[in-house]
J.: 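Sharing a structure here in structure tokens format.
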Amino acid sequence: MSEEARLREQICLLARSMFDRGLTAGSTGNISARTPDGGLLVSPTGTSFGRLDPARLARFDPSGRQIDGDRPTKEMPLHSAFYDTRARAGAVVHLHSCHAVALSVLPDAVAEDFLPPITPYAFMQLGRVRLLPYFRPGDPAIGDAVRGLAGKRSAVMLANHGPVVAGRDVEAACNAIEELEATARLALLLRGQTPNMLTPAQVDELVKIHDIAWGDE
Ligand code: ZN
């Protein structure tokens with residue numbers, strides 16, 4: 001099996017796994033990955049994560065021209081914004097995941113640090129997650145908002161919508177977005193209580209040891 005064929009299988013397998021565990025529902029969610037030749041594979045518009053077909057993924061050449069497959073997701077500008085601003089991005093995943101969306105609409109949601117410092121793993125996989133405001137679906141301003149972060153964040157949360165995460169490859173991006181959703185769930189479970197969060201010193205230590213992107217924009 002060629003490297004691209006394996007990548008196509010992996011995209012569909014991980015999307016199906018997330019769908020089966022309720023991380024995104026219906027025909028929501030989209031995923032893309034860099035191909036070995038510098039092009040892109042993108043999940044088609046209107047498809048369910050539970051039923052992606054490896055042979056029908058939208059295929060773009062390195063110049064950005066579609067050369068094969070079905071029409072890509074309407075949220076393609078979100079994906080492009082990450083690839084254009086983060087040279088290391090090998091994959092981008094977007095979900096409409098329940099707990100992250102719930103946390104994003106609370107009046108005290110924190111734009112600079114969307115996720116509270118509950119576990120080290122969220123920081124290690126996501127860095128700081130920036131909460132972006134609500135945008136109408138398909139609004140090109142979503143891509144502009146991500147570009148405005150100049151590649152300093154690998155994960156953003158779109159208010160009233162869902163998270164978007166870039167990773168070095170498909171597996172890393174999927175693991176990181178699952179960590180985002182799990183942490184949002186923990187944050188909701190702990191709401192109204194006074195949990196022992198990681199201290200600023202503990203967070204600093206993680207940032208230094210794991211060389212976590214902590215960009216201030
Ligand atoms: Zn969406």
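In what follows, every heavy atom counts, from backbone to side chain, and hydrogens, waters and symmetry copies are set aside.
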J.: What closest approach, in Å, do M18 and F49 show between heavy atoms, and which atom pair accounts for it?
T.: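 Looks like CE-CE2, 3.9 Å.
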J.: Quick one: does T85's side chain have a donor or acceptor within less than 3.5 Å of a partner on A81's backbone?
T.: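 Flag set: sc T85 to bb A81 pair under 3.5 Å.
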J.: Counting only heavy atoms not in N196, do more than 12 sit closer than 6.0 Å to its CG atom?
T.: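 At most 12 heavy atoms, drawn from other residues, nucleotides or ligands, come within 6.0 Å of this atom.
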J.: Evaluate side-chain contact (heavy atoms from CB on, under 4.5 Å) for V146 paired with L132, printing each intermediate quantity in order.
T.: CA-CA 8 Å; V146 172; L132 294 173; 4.1 Å; yes
J.: Is it the case that over 12 heavy atoms from other parts of the model lie below 6.0 angstrom from the CD atom of E205?
T.: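 No, because the 6.0 Å sphere around CD of E205 holds 12 heavy atoms or fewer from other groups.
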J.: Calculate, to the nearest 0.5 Å, the distance between atoms CG and CD belonging to L41 and Q10 respectively.
T.: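 Answer for the CG-CD pair, L41 versus Q10, is 11.0 Å.
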J.: Nearest 0.5 Å, please: how far is CD in E75 from CG in L158?
T.: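 Those atoms lie 8.0 Å apart.
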J.: Salt bridge (Lys or Arg N to Asp or Glu O under 4.0 Å): which pairs involve residues 155-166, sequence neighbours left out?
T.: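 Residue pairs with at least one partner in residues 155-166: there are none.
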J.: Write down the atom of I118, the atom of L186, and the distance for their closest heavy-atom approach.
T.: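 Closest approach of I118 to L186: CD1-CB, 3.8 Å.
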J.: Can you name the nearest heavy-atom pair linking S154 to L126, along with the distance?
T.: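 Of all heavy-atom pairs spanning S154 and L126, the closest is OG-O, 3.3 Å.
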J.: Is S48 reaching over with its side chain to a backbone N or O of G26, donor-acceptor style, under 3.5 angstrom?
T.: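 A pair under 3.5 Å: yes.
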J.: Just grab all the side chain to side chain donor-acceptor pair (under 3.5 Å) pairs involving residues 132-150, residues at least two apart or on different chains.
T.: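 Of all non-adjacent pairs touching residues 132-150, those that pass side chain to side chain donor-acceptor pair (under 3.5 Å) are D84-R147.
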J.: Please say whether more than 12 non-hydrogen atoms of neighbouring residues, nucleotides or ligands are located less than 6.0 Å from CZ in R6.
T.: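 Buried by this count: over 12 neighbours within 6.0 Å.
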J.: Atom CZ in R128, atom CZ in R153: separation rounded to 0.5 Å?
T.: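 Interatomic distance, R128 CZ to R153 CZ, rounded to 0.5 Å: 5.0 Å.
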J.: Considering the options L57, L78, V92, which one meets the side chain to side chain contact (heavy atoms under 4.5 Å, CB included) requirement together with S32?
T.: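 By the side chain to side chain contact (heavy atoms under 4.5 Å, CB included) criterion, S32 pairs with just one of L57, L78, V92: V92.
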J.: For a 4.5 angstrom cut-off between non-hydrogen side-chain atoms, does L188 reach L106?
T.: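 Yes, side chains in contact.
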J.: Going by ring-ring contact (aromatic ring centres under 6.0 Å, His included), name the residues that satisfy it together with H161, two or more places apart in sequence or in a different chain.
T.: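 Per chain and number, H161 pairs via ring-ring contact (aromatic ring centres under 6.0 Å, His included) with H94, H96.
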J.: May I ask you to test the V42-N30 pair for a side-chain heavy-atom distance under 4.5 Å?
T.: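 No - every pair of side-chain heavy atoms lies 4.5 Å or more apart.
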J.: Okay, side chain of T183, backbone of E179: is any donor-acceptor separation there less than 3.5 Å?
T.: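 Looks like yes, one N/O pair under 3.5 Å.
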J.: Closest heavy-atom contact between A89 and R34?
T.: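 The answer is O-CG, 3.8 Å.
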J.: Short question: side chain of S104, backbone of N160 - any donor-acceptor pair under 3.5 Å?
T.: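 Yes.
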J.: Which heavy atom in I177 sits nearest to a heavy atom in P163, and how many Å separate them?
T.: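 I177 and P163 have their closest heavy atoms at CD1-O, 3.7 Å.
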J.: Look up atom CG in L180 and atom CZ in F114, then write down how far apart they are to the nearest 0.5 Å.
T.: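 Spacing of CG (L180) from CZ (F114) equals 6.5 Å.
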J.: List the steps, then state whether side-chain contact (heavy atoms from CB on, under 4.5 Å) holds for V93 with E178.
T.: CA-CA 10 Å; V93 191; E178 290 199 23; over 6 Å; no
J.: Could you walk me through whether R130 and M157 pass side-chain contact (heavy atoms from CB on, under 4.5 Å), step by step?
T.: CA-CA 6 Å; R130 176 64 178 265; M157 178 67 204; over 6 Å; no
J.: Any chance you could measure D53, atom CG, to D70, atom CG, to the nearest 0.5 Å?
T.: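 Reported to 0.5 Å precision, the distance equals 8.0 Å.
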J.: Between the main-chain N or O of A187 and the side-chain N or O of R191, is there a donor-acceptor pair closer than 3.5 Å?
T.: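 No; judged by distance alone, with no hydrogens or angles, the pair does not exist.
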J.: What distance separates E3 CD from T35 OG1, expressed to the nearest 0.5 Å?
T.: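 Rounded to the nearest 0.5 Å, the CD-OG1 separation comes out at 9.5 Å.
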J.: Side chains of E171 and N175: closer than 4.5 Å at any heavy-atom pair?
T.: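 SC-SC contact between E171 and N175 confirmed.
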J.: Side-chain contact, heavy-atom cut-off 4.5 Å: R16 with C12?
T.: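 No, side chains not in contact.
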J.: Could you tell me whether the side chain of L206 reaches within less than 4.5 Å of the side chain of L198, counting heavy atoms only?
T.: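 Contact flag for L198/L206 side chains = yes.
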J.: Compare every heavy atom of P195 with every heavy atom of Q193, then report the nearest pair and how far apart it is.
T.: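 Result for this residue pair: O-CD, 3.1 Å.
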J.: Heavy atoms, side chains only, cut-off 4.5 Å: are V207 and F123 in contact?
T.: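 Side-chain contact under 4.5 Å: no.
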J.: Could you check if a side-chain atom of R59 sits within less than 4.5 angstrom of a side-chain atom of Q66, using non-hydrogen atoms only?
T.: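 Heavy-atom side-chain distance check fails, nothing below 4.5 Å.
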J.: Hey, are the side chains of L40 and M76 touching, using non-hydrogen atoms and a 4.5 Å cut-off?
T.: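 Yes; the side chains approach each other to less than 4.5 Å.
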J.: Start with the C-alpha distance between L95 and E181, add both sets of side-chain angles, then the distance that settles side-chain contact (heavy atoms from CB on, under 4.5 Å), and finish with yes or no.
T.: CA-CA 9 Å; L95 302 175; E181 172 64 6; 5.6 Å; no
